[in-house]
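Worksheet for the structure shown next.
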Amino acid sequence: MKELGQLKHFLGIEVDHSQEGIFLHQQKYSKDLLKKFGMLKCKPISTPMEPNAKICAHEGKDLEDATMYRQLVGSLIYLTLTRPDISFAVGVMSRYMQHPKKPHLDAVRRILRYVKNTLGYGIMYKRGGGCKLVGYCDADYAGDYDTRRSTTGYVFMLGSGAISWCSKRQPTMSLSTTEAEYRAAAMAAQESTICLAENPVFHARTKHVEVHYHFIREKVLQEEIELKHVRTENQAADLFTKGLSGNKFESFYHQLGGANKEEADVEGEY
């Protein structure tokens, strides 16, 4: 074993230390990414994807160089290691790696314009405070225009910052919002799903929901999971299921411990 000193860089992830805590970001990686794909001087934008953006598999012209699109999306996927704010947009665009078209490339370039505007963004893990594990979970019902499958989004926070997050299209089509919410995971986002988990009387109406998703109810009865209704304006998992307006997008990002390098006060070390 060799003592290399305080951690500063690890596989493209930068680690800054301050009196407040630890700040993880990929500022240099982001700059290199913009430079590599000729977007270093692009016009910045405030969100990675338009609200209610309609992106389809078969609209628009084929790209002459699909390899470039795949490299670009692959690079953005690595950037999501410290940037949960782009997870949904990058996840959507990764669905079209096989046969990308011009509108898909335009949407990816929008993500790069957002990255240009947020080069110093990352996650701040503050010292002290509680160490409670809290998760947010939601599903955007039938949001995929090609398959009408729902999108699962969840994020888990330990203390002040997010430690695990996911934005993923569900493997099969859900027949109801309740089924989509059950698929979404161990914590429900709507009151109807919470009632189902706590009250077995309603289960006869939902036999089409796969049996193994009813493990949530068992966990509730065993008091291993506590389900709480989350109001729409506080549902941070929406960041992983749909395109949002600027104010709501920024609010949810900060709720997850997201911060700007300048705001994080990481100049001095402790």
Side-chain angles (χ1 to χ4, degrees), residues 8-16 23-123 144-146 151 165-169 239-240 242-247 249-250 252-253 256 258-264 266:
K8 295 287 187 180
H9 299 86
F10 182 75
L11 299 178
I13 299 175
E14 299 173 63
V15 184
D16 292 339
F23 182 67
L24 301 184
H25 63 97
Q26 293 168 277
Q27 187 174 40
K28 184 180 184 302
Y29 178 86
S30 300
K31 287 183 178 179
D32 292 343
L33 178 60
L34 292 170
K35 184 178 181 180
K36 178 180 179 180
F37 292 99
M39 297 287 287
L40 196 57
K41 296 183 179 180
C42 66
K43 185 178 180 181
I45 201 165
S46 60
T47 59
M49 179 176 282
E50 294 182 12
N52 303 314
K54 184 178 181 180
I55 300 176
C56 302
H58 305 294
E59 292 185 0
K61 296 182 179 180
D62 291 336
L63 293 180
E64 294 181 3
D65 184 10
T67 301
M68 185 271 288
Y69 179 90
R70 293 166 188 151
Q71 291 176 342
L72 180 51
V73 174
S75 298
L76 286 170
I77 289 174
Y78 192 73
L79 185 57
T80 62
L81 289 177
T82 61
R83 296 291 301 270
D85 49 325
I86 65 172
S87 290
F88 171 70
V90 174
V92 171
M93 303 323 302
S94 67
R95 300 171 188 172
Y96 308 103
M97 299 273 266
Q98 194 67 27
H99 300 290
K101 297 183 179 293
K102 180 62 166 55
H104 303 149
L105 181 59
D106 292 340
V108 172
R109 283 175 173 162
R110 179 189 173 97
I111 300 175
L112 288 177
R113 291 172 61 194
Y114 171 74
V115 171
K116 169 68 182 299
N117 189 47
T118 57
L119 283 173
Y121 274 27
I123 303 177
D144 184 73
Y145 285 96
D146 296 311
T151 299
W165 53 86
C166 175
S167 177
K168 186 177 181 180
R169 185 174 60 182
L239 193 70
F240 303 92
K242 59 177 72 72
L244 301 171
S245 62
N247 292 337
F249 182 89
E250 185 175 356
F252 287 156
Y253 175 65
L256 300 183
N260 193 328
K261 185 175 181 179
E262 297 178 357
E263 300 172 351
V266 292

Quick one, Tyr29 with Glu14, criterion side chain to side chain contact (heavy atoms under 4.5 Å, CB included). Give me CA distance, side-chain angles, the key distance, then yes/no. CA-CA 9 Å; Tyr29 178 86; Glu14 299 173 63; 5.9 Å; no
d(Lys35 NZ, Lys41 NZ) to nearest 0.5 Å is 11.0 Å
Check: More than 12 non-hydrogen atoms from neighbouring residues, nucleotides or ligands closer than 6.0 Å to CG on Asn52, yes or no?
Finding: no
Look only at the side chain of Arg113 and the backbone of Met39, and say whether a donor-acceptor pair between them is shorter than 3.5 Å.
-> no
All heavy atoms of Asn117 vs all of Ser46, minimum pair found to be ND2-CA, 3.9 Å
- Any side-chain heavy-atom pair of Val108 and Tyr69 under 4.5 Å: yes
Run the numbers on Leu256 and Ile123 for side chain to side chain contact (heavy atoms under 4.5 Å, CB included), then give the verdict.
CA-CA 8 Å; Leu256 300 183; Ile123 303 177; over 6 Å; no
Quiz: residues 72-95 side-chain donor-acceptor pairs under 3.5 angstrom, not counting sequence neighbours:
unit_1	atom_1	unit_2	atom_2	d
Ser75	OG	Gln71	O	2.9
Tyr78	OH	Leu11	O	2.2
Thr80	OG1	Ile77	O	2.4
Thr82	OG1	Gln26	OE1	2.6
Arg83	NE	Asp85	OD1	3.1
Arg83	NE	Asp85	OD2	3.3
Arg83	NH1	Thr118	O	3.1
Arg83	NH2	Asp85	OD2	2.9
Arg83	NH2	Thr118	OG1	2.6
Asp85	OD2	Tyr114	OH	2.6
Ser87	OG	Pro84	O	3.4
Ser87	OG	Trp165	NE1	3.3
Ser94	OG	Gly91	O	2.7
Arg95	NH1	Asp144	OD1	2.8
Arg95	NH2	Thr151	OG1	3.4

- prompt: Under 3.5 Å, is there a donor-acceptor pair between the side chain of Lys116 and the main chain of Leu40?
  reply: yes
Electrostatic pair Asp106:Lys102 at N-O distance under 4.0 angstrom: yes
For Pro103 and Lys61, the nearest pair of non-hydrogen atoms, with its separation, is CD-N, 4.5 Å
*asked:* Tell me if a side-chain donor or acceptor on His99 pairs with a main-chain N or O of Leu63 at a distance below 3.5 Å.
replied: no
Does the side chain of Phe249 come within less than 4.5 Å of Pro48's, by heavy atoms? yes
Interatomic distance, CG@Leu244 vs OG1@Thr47, rounded to 0.5 Å, equals 9.0 Å
Discussion item. Whether Asp32 and Lys28 form a salt bridge (side-chain N of Lys/Arg under 4.0 Å from carboxylate O of Asp/Glu) is what I want to check.
Written reply: yes
task: Assess whether atom CD of Glu250 is packed by more than 12 heavy atoms of other residues, nucleotides or ligands within 6.0 Å.
output: no
Heavy-atom closest pair (Phe23 atom, Asn260 atom, distance to 0.1 Å) is CZ-C, 4.0 Å
